[in-house]
Amino acid sequence: MERKNCDSEVLLRGLRQGDERAFRILFEEFYTALCLFATRFLGDSEAAADVVQEAFLKYWDRHTDFDNYYKIKSFLYVVVRHACLNRIRDQHVNVEIVEDMAIDSDEFFQTRVMEEEAYRVFYRTIDHLPQQMRTVIYYALEGLKNAEIAQKMGVSENAVHAYKKEAYKRLKESMKDYYYLFEFLFLYFLYS
């Protein structure tokens with residue numbers, strides 16, 4: 001469920017012209033994923049949020065330089081990665097050499113970017129579900145069991161199970177290009 005080309009082009013045009021609404025859309029689309037990405041490096045969500053905000057400011061200073069939506073996304077991830085690595089080095093964190101090499105490697109970076117991108121798509125897909133299904137999915141992702149979800153929502157456990165089942169079908173269809181992630185995330189809560 002990626003952004004359609006025409007939507008990307010309209011957004012890119014707005015971004016290049018300095019449109020604050022376009023920037024807000026970009027920010028809302030990537031902020032959470034970038035924060036998760038930075039938190040993986042730093043282990044501190046507040047520091048991660050600071051790094052991500054700084055990355056968006058750096059982007060905004062150069063917003064006219066980008067002629068492709070995916071270059072913006074890449075820029076943001078690279079800036080966040082470098083800022084995280086700089087913070088780690090500046091704090092003189094005693095990390096074993098093997099761990100430091102893993103964090104610094106391109107393979108680690110690519111894997112993390114793919115994970116965060118998949119999570120971003122996943123949560124955007126959930127946000128398009130009907131309210132009851134969306135609520136059930138979010139509670140399940142928090143680790144609540146069907147009985148707990150039913151109690152919080154004031155519905156039967158059978159209703160919760162039915163919402164999960166229907167949500168699973170809809171998400172499976174919406175995320176068919178991201179099936180590997182979908183299976184991983186939903187197996188644990190579909191049967192809980």
Where A38 and V80 come nearest, the two heavy atoms and their spacing: CB-CG1, 3.7 Å
Measuring only between side-chain heavy atoms, which start at C-beta, is L57 closer than 4.5 Å to Q53? no
Please round to the nearest 0.5 Å and tell me the distance separating atom CD1 of I126 and atom NE2 of H128. 12.0 Å
When F27, F75, F66, F23 are each screened for ring-ring contact (aromatic ring centres under 6.0 Å, His included) with W60, the one that passes is F23
Rounded to the nearest 0.5 Å, how far does NZ of K71 lie from OH of Y59? 12.5 Å
From D50 atom CG to L42 atom CG, the distance as rounded to the nearest 0.5 Å: 9.5 Å
Euclidean distance, D65 CG relative to R16 CZ, rounded to 0.5 Å: 8.0 Å
Can you check whether L34 reaches F56 side chain to side chain, under 4.5 Å on heavy atoms? yes
Do we see a donor-acceptor contact under 3.5 Å between the side chains of D127 and Y138? yes
The reported gap from NZ in K73 to CZ in F30 (rounded to nearest 0.5 angstrom) is 5.5 Å
Can you give me the closest heavy-atom contact between A167 and L129, atom names plus distance? CB-CD1, 4.1 Å
Any idea which heavy atoms bring E148 and L144 closest together, and the distance? OE1-CA, 3.3 Å
Minimum-distance pair of heavy atoms, taken over all atoms of R81 and F41: CG-CZ, 4.0 Å
Starting at CD of E9, measure out to CG of L12 and round the result to the nearest 0.5 Å. 8.0 Å
Correct closest heavy-atom pair for G18 and H63 would be CA-NE2, 3.6 Å
Which heavy atom in A49 sits nearest to a heavy atom in C35, and how many Å separate them? CA-SG, 3.9 Å
Got P130 and R170 here, is their nearest side-chain heavy-atom distance under 4.5 Å? yes
